[in-house]
Amino acid sequence: MNRLVVWLVAALVVMALVGPWLIGPEGLEINLKLDLKGLEAGRLGYGENGFDVLTWLIYGARVSLFIALTCTVISLVIGIAYGSISAYVGGIFDAFLMRCVDVLMAFPGILLALYIAAVLKPGVGNLIIALCSTGWVGYARVARSQVLAVKEQDFVMAAIALGASPFRVLFRHIVPNILGPLWVQASFGISALILAEASLSFLGLGVPIGTPSWGSLLEQGVNYLFVAPHLVILPGICIAVSVLLFNFLGDWLRDARDPQ
Amino acid sequence: MISKSLQVIWVLFGATLIVTGMLRLIPGNPVDHILGEQATQKARMQLSKELGLVDTEGKPVGFVRQYGSFISRVVTNELKSYRTREPVMSVIAARLPYTAALAFASVLFAMCLGPLLGVLAAWRRDEWLDHLTRFIALLGISLPKFFIGPLLLLAFSIYWPIFPISGASDGIMSIILPAFSLGLGMAAVQMRFTRASVLEVMSADYIRTARSKGLSERVVYFKHALRNALMPVVTVIGLELGSMLAGAVIVEKIFSWPGIGLLLLESIQQLDMPMVQGVVLVIAFFYVVINLLTDWVYGRIDPRVRVS
């Protein structure tokens with residue numbers, strides 16, 4: 001089961017990487033003869049103005065996973081730096097930084113990302129900024145609590161006694177020791193970001209119009225729910241399956257780290 | 001409680017700061033962003049005044065004064081929609097009952113279904129009923145709202161036309177599908193939480209004591225175990241109710257439910273920034289207050305929480 005999940009995640013990533021290259025961009029072109037034709041017209045059916053749904057889904061996988069993975073990496077880096085520096089310095093500095101984090105927690109779910117995406121112009125870069133603006137907070141909290149636990153240990157004292165600079169102590173000695181729980185959180189974070197990206201694209205605040213993404217296909221599908229329900233069902237399944245896969249991956253990583 | 005309240009005030013202050021400051025972060029001038037390049041000088045000046053970027057003489061004002069005038073206009077209900085000229089807070093107040101009704105119906109649905117299924121699953125642990133409910137919970141957690149909603153519409157408004165497709169004009173019938181889409185995720189979380197909580201309680205010493213007294217399994221389960229197992233479920237309600245406010249934006253769009261979520265999306269489309277800011281602030285306000293109340297209620301129920 002666990003191996004299967006890892007293989008499926010790998011397959012998803014490979015599909016996103018090489019799939020568009022294999023299938024080619026022809027399916028994204030306008031072909032009014034196939035406008036909104038269902039599965040009976042072949043492949044996985046056709047969308048608005050006759051683009052091929054299969055091609056759209058494969059290109060969409062690349063966009064959705066690219067955004068989710070990029071945001072996770074950026075959020076991890078910001079979160080680790082913020083949380084660990086806050087915990088290592090401690091005192092009033094730490095308290096102030098954490099109160100700033102509290103402010104970001106005042107916006108439920110994707111609300112802040114939604115607001116930022118609305119203020120900025122639509123685009124993949126701005127979407128990444130919007131999603132990262134809240135995405136790093138969770139990592140910062142975990143990194144902080146981990147550093148608080150680790151920084152009193154003997155090997156840290158030893159490094160300080162040997163005259164290592166605070167920067168070196170923190171990023172060479174402490175941070176490598178706190179990464180474990182963050183990997184687990186990151187794999188849950190990826191599935192949350194796939195959902196968030198799809199939500200924003202569904203609300204029309206994600207990728208620019210015409211960019212293939214699972215969420216943007218769903219948005220289109222809702223408008224044609226009566227005539228072309230496959231435009232909702234297929235991307236919905238893609239999103240649900242990949243969210244599930246990355247959640248399973250997170251469960252597996254968590255169990256592998258802590259057999260209890 | 002006092003420190004909690006102080007924290008809430010600080011958090012709300014910070015939230016307003018973010019909501020106003022974000023407009024300044026737009027590359028270029030927010031006025032150009034809203035009006036486009038071709039707007040007349042007069043329209044620009046008027047919008048700049050509207051947004052509080054310049055004072056009445058047309059001189060640019062600093063961020064602190066911008067912030068101050070924004071807050072005072074929010075509080076005195078002077079903040080006007082850029083499109084309709086109506087006061088933002090009045091418009092929000094008119095739409096808020098719809099979102100409140102939706103959230104209430106979703107919580108009601110989740111509260112009826114979640115703990116019930118959780119109790120059943122724990123009672124029949126590792127039997128088919130347990131597996132079935134856990135599978136449903138997994139679906140409820142992993143299926144996005146913007147997927148469940150259209151599926152429900154397809155099934156119950158198109159193939160079997162039982163419920164209306166959109167809007168809120170059919171009273172109770174029109175709220176059922178939106179509430180179901182919004183509440184399903186919460187019901188799933190509640191179910192998992194209840195199941196884990198009941199299983200934990202069932203291995204406690206006082207359950208063994210109750211059994212050794214010769215009480216029937218039914219009394220042990222429903223009288224001794226459940227009462228203790230259901231307490232932590234209260235916290236989950238509060239937390240989920242808050243996150244529901246964000247989910248409501250999606251569900252309201254799918255079902256054209258005329259709450260503040262739909263208002264937010266409409267205003268974003270029309271680039272009606274004062275309205276967008278107002279709705280975001282109102283949602284953040286309710287979220288923070290609900291979380292505070294949850295903490296308080298939980299402290300009442302379980303005195304151990306107050307100590308820590």
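All of these numbers come straight from a predicted model, not from anything done at the bench. Residue numbers start from 1 in every chain, and the chains themselves are labelled A, B, ... in the order their sequence lines are given, proteins ahead of strands.
Within 6.0 Å of the CZ atom in B:F286, the count of heavy atoms belonging to other residues, nucleotides or ligands does not exceed 12.
Within residues 236-245 of chain A, the residues approaching chain B closer than 4.5 Å by heavy atoms are, in numerical order, A:G236, A:I237, A:I239, A:A240, A:V243, A:L244. Contacts between residues 126-137 of chain A and chain B, defined by a heavy-atom separation under 4.5 Å, are made by no residue at all.
A salt bridge does not link B:R195 to B:E200: none of the charged nitrogens lies less than 4.0 Å from a carboxylate oxygen. Between B:E266 and B:K253, none of the side-chain N atoms (NZ, or NE/NH1/NH2) sits under 4.0 Å from a carboxylate O, so this pair counts as no salt bridge.
In this structure, the portion of B:I268 lying under 4.5 Å from any heavy atom of chain A is its side chain and not its backbone. With a 4.5 angstrom heavy-atom cutoff, A:I233 touches chain B via backbone and side-chain atoms both. For chain A, the nearby parts of B:V19 are the backbone and the side chain; heavy atoms of each come within less than 4.5 Å. When heavy atoms are compared at a cutoff of 4.5 Å, A:L225 approaches chain B by way of both its backbone and its side chain. Of the atoms belonging to B:F146, heavy atoms from both backbone and side chain fall under 4.5 Å from chain A. Looking at A:V222, the atoms closer than 4.5 Å to chain B (heavy atoms on both sides) all sit in the side chain, from C-beta outward. Contacts between B:L264 and chain A at a heavy-atom distance below 4.5 Å involve the side chain alone, from C-beta outward.
You'll find the side chain of B:R192 reaches within 4.5 Å of the side chain of B:L138, heavy atoms only. B:Q277 has its side chain out of reach of B:V280: every pair of non-hydrogen atoms, C-beta onward, lies at least 4.5 Å apart. By the 4.5 Å heavy-atom criterion applied to side chains, A:F248 and A:L8 are not counted as neighbours. Inter-residue side-chain proximity for A:D251 and A:F188 is flagged as met; some heavy-atom pair is nearer than 4.5 Å. B:F70 is listed as a side-chain neighbour of B:L281, based on a closest heavy-atom distance under 4.5 Å. Using a 4.5 Å heavy-atom cutoff, the side chains of A:I194 and A:L65 are in contact. Contact of the B:L262 side chain with the B:W257 side chain is not registered, since no non-hydrogen atoms from C-beta on lie closer than 4.5 Å. Put simply, the side chain of A:F246 reaches to within 4.5 Å of the side chain of A:L12, judged on heavy atoms.
With sequence neighbours excluded, the residues forming a side-chain contact (heavy atoms from CB on, under 4.5 Å) with A:D102 are A:R99, A:R141, B:Q7, B:V11, listed by chain and number.
In terms of heavy-atom pairs under 4.5 angstrom with chain A, the leader among B:I250, B:L151, B:L153 is B:I250. Interface remark: of the candidates B:L12, B:I18, B:V288, B:L17, B:I18 forms the most heavy-atom pairs closer than 4.5 Å to chain A. The greatest number of non-hydrogen atom pairs below 4.5 Å with chain A, out of B:L245, B:L154, B:I148, is found for B:L154. Counting heavy-atom pairs closer than 4.5 Å to chain B, the top-ranked of the candidates A:N247, A:L205, A:L112, A:V103 is A:V103. Most heavy-atom pairs under 4.5 Å with chain B, from the set A:L195, A:V232, A:I116, A:L203: that is A:L203. The most heavy-atom pairs under 4.5 Å with chain B, out of A:G204, A:P235, A:A198, A:G221, come from A:A198.
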**OP:** Any chance you could lay out the side-chain hydrogen bond (donor to acceptor under 3.5 Å, both in side chains) test for B:Y67 and B:T16, step after step, and finish with the verdict?
**Re:** CA-CA 8 Å; B:Y67 176 77; B:T16 52; 2.6 Å; yes
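The distance from atom CG of A:L253 to atom CH2 of A:W183, rounded to the nearest 0.5 Å, is 10.5 Å. Between the CG atom in A:L234 and the CG atom in A:L217 there is a gap of 8.0 Å [rounded to 0.5 Å].
Listed by first then second residue, pairs satisfying side-chain hydrogen bond (donor to acceptor under 3.5 Å, both in side chains) with a partner in residues 192-202 of chain A read A:S64-A:E197, A:E197-A:S201, A:E197-A:S213, not counting sequence neighbours.
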